[in-house]
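Labels below follow one simple rule: chain letters A, B, ... track the order of the sequence lines, proteins then strands, and each chain is numbered from 1. Because the structure is predicted, anything quoted here is derived from the model rather than measured.
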Amino acid sequence: MSLLVKTIVRFILFILLQFYVLDKIHLQQMMVTPYLYFLFILWLPFKMQRAWVMLLGFALGFTLDSFRHHPGFHAAACVLIAYVRPFLINFMIPQEGAETNYEAPSVKSMGGLLPYMIFAGTLCLLHNAWLFLLEAWQFGNVWYFLVKTLLSTAISLVLIVITELIFVRKQKFKTNTI
Amino acid sequence: MRNIFLFIRRYFNFLLFLLLQVLSIYFIVHYSKYHQAMFGSTANRITGKVNSEYNKIEYYFQLKRTNDSLVKANEALYNKLKADFNLPDTVSKTVVDTMKIDSITQYRTLNYLNAKVVSNSVNFKNNYIVIAGANVKKFKPSMGIIDVNNNAVGVITEVSGDYAVVMSMLHKDSKINGKLMKTGETGTVTWDGTSPNILTLSGIPKSAKIVKGDSVITSGFSTYFPKGILIGRIDEINSEKSTSNYTIKLRSSADFYNLQYVYAIINYQQEEINKLLDKQTKQN
């Protein structure tokens with residue numbers, strides 16, 4: 001599958017999964033929503049230009065917002081993690097030239113589960129914090145915001161691990177040496 | 001000039017990031033006020049179509065519950081039939097939803113039109129319900145929505161051809177005029193954004209005699225809902241220390257988790273009342 005087709009299919013599947021499955025789950029007391037759709041941004045290739053990543057992030061967030069009839073919240077959060085992602089990749093990539101050897105971030109290309117989870121966890125925390133901060137502007141309750149952010153991040157991370165276990169993305173080792 | 005271009009090229013990513021963030025925040029701030037934004041209607045049409053396809057599947061799984069609530073609504077209507085009552089004398093007074101101008105002609109003031117819920121949420125900060133159906137073309141913004149058992153649900157905010165978006169009572173901007181059925185004090189029903197099915201009633205003076213379990217109905221002061229539609233029952237009574245008002249937690253009578261059919265209330269006097277109010281505000 002070419003990159004374009006793969007991206008479009010993933011985009012649609014993540015939006016549908018988020019809105020029709022995960023958004024229907026509500027834990028009664030905490031009002032925690034499990035978020036997974038931003039994994040789309042995490043899975044974009046290393047080589048993609050940052051401007052494109054940000055525009056795709058904006059489109060992703062805006063689409064989800066359209067379903068929820070209040071645009072802006074998810075778009076802002078997605079743009080933030082799309083902007084931060086390359087910094088984090090540079091910081092986290094362990095072996096020399098992993099960006100060129102592998103196509104996209106995964107457990108294998110990041111060099112183990114722990115670095116990948118730190119990568120995913122940081123972006124997840126940023127996404128949730130920014131999203132809930134924008135929402136809390138209107139309701140305003142610091143403790144509620146903190147607890148909600150941390151719990152949502154934990155649930156999202158569990159979902160990310162499950163997704164990575166179920167859908168193993170084959171990462172071909174592309175070598176530069178001939 | 002050259003320096004400006006160099007600057008833009010150098011910080012292109014950062015500038016794009018700022019631009020997109022500002023755009024997002026602009027949407028957040030402005031969308032809640034102006035629902036008729038350019039993209040609103042188009043996006044609504046597309047998501048509405050996807051939602052109605054999805055609802056065809058989801059609806060199947062809720063048939064039993066929907067049927068139960070329709071049976072209950074039917075029962076309530078049967079019990080209101082005139083034939084059920086034995087009148088002690090010939091003077092009967094029926095006041096339903098019509099207004100008598102003189103003794104001969106009757107004017108319809110309210111009309112109930114049904115619609116199918118295609119999308120509904122309870123667990124966000126701002127919840128919306130999307131409705132579809134043949135009657136949607138007659139709907140206009142700021143019409144009240146009730147569920148099949150005559151409980152208040154929300155107010156229409158946006159209409160686009162085949163779909164209408166309803167601001168659920170579980171929304172931070174939702175303000176509905178409520179009234180205590182027993183004593184008649186009025187207040188405002190809002191939602192604090194924490195737990196679905198728990199609403200807040202504020203503005204009830206401490207002089208009011210209230211007990212847990214009292215019914216709160218719509219006051220009829222706003223044109224969204226006619227008087228007497230059940231909003232909820234009192235669950236918890238807190239007295240505010242600094243003011244002379246109570247803050248009351250209500251358990252909403254509408255089951256927001258399970259909405260399949262709703263009715264929109266067309267108030268034929270709405271326009272007239274609003275025109276009068278507008279005139280009044282212009283004069284002041």
Under the side-chain hydrogen bond (donor to acceptor under 3.5 Å, both in side chains) rule, what do B/Glu158 and B/Tyr128 come out as? Steps first, then yes or no, please. CA-CA 11 Å; B/Glu158 199 180 328; B/Tyr128 292 91; over 6 Å; no

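Annotation: maximal heavy-atom pairing with chain A below 4.5 Å, among B/Leu23, B/Val22, B/Asn51, B/Leu16, occurs at B/Asn51. In terms of non-hydrogen atom pairs under 4.5 Å with chain A, the most contact-rich of B/Leu20, B/Asn127, B/Val165 is B/Leu20.
Donor-acceptor pairing under 3.5 Å is lacking for the side chains of B/Gln21 and A/Tyr83. There is a side-chain donor-acceptor pair under 3.5 Å between A/Asp65 and A/His74.
Looking at B/Phe14, both its backbone and its side chain come within 4.5 Å of chain A, counting heavy atoms on both sides. Only the backbone of B/Asn120 comes within contact range of chain A, judged by heavy atoms closer than 4.5 Å. Contact annotation for A/Leu16: only side-chain heavy atoms (C-beta onward) come within less than 4.5 Å of a heavy atom of chain B. Within the 4.5 angstrom heavy-atom criterion, atoms from both the backbone and the side chain of A/Phe67 approach chain B. For B/Val50, the parts lying under 4.5 angstrom from a heavy atom of chain A are both the backbone and the side chain.
Checked against the 6.0 Å centroid criterion, the rings of A/Phe91 and A/Phe119 do not qualify as a close aromatic pair.
A salt bridge links B/Lys137 and B/Asp162; the closest N-O separation between the charged side-chain nitrogens and carboxylate oxygens is under 4.0 Å.
The heavy-atom pair separating B/Ser69 from B/Val148 by the smallest distance is OG-CG2, 3.4 Å.
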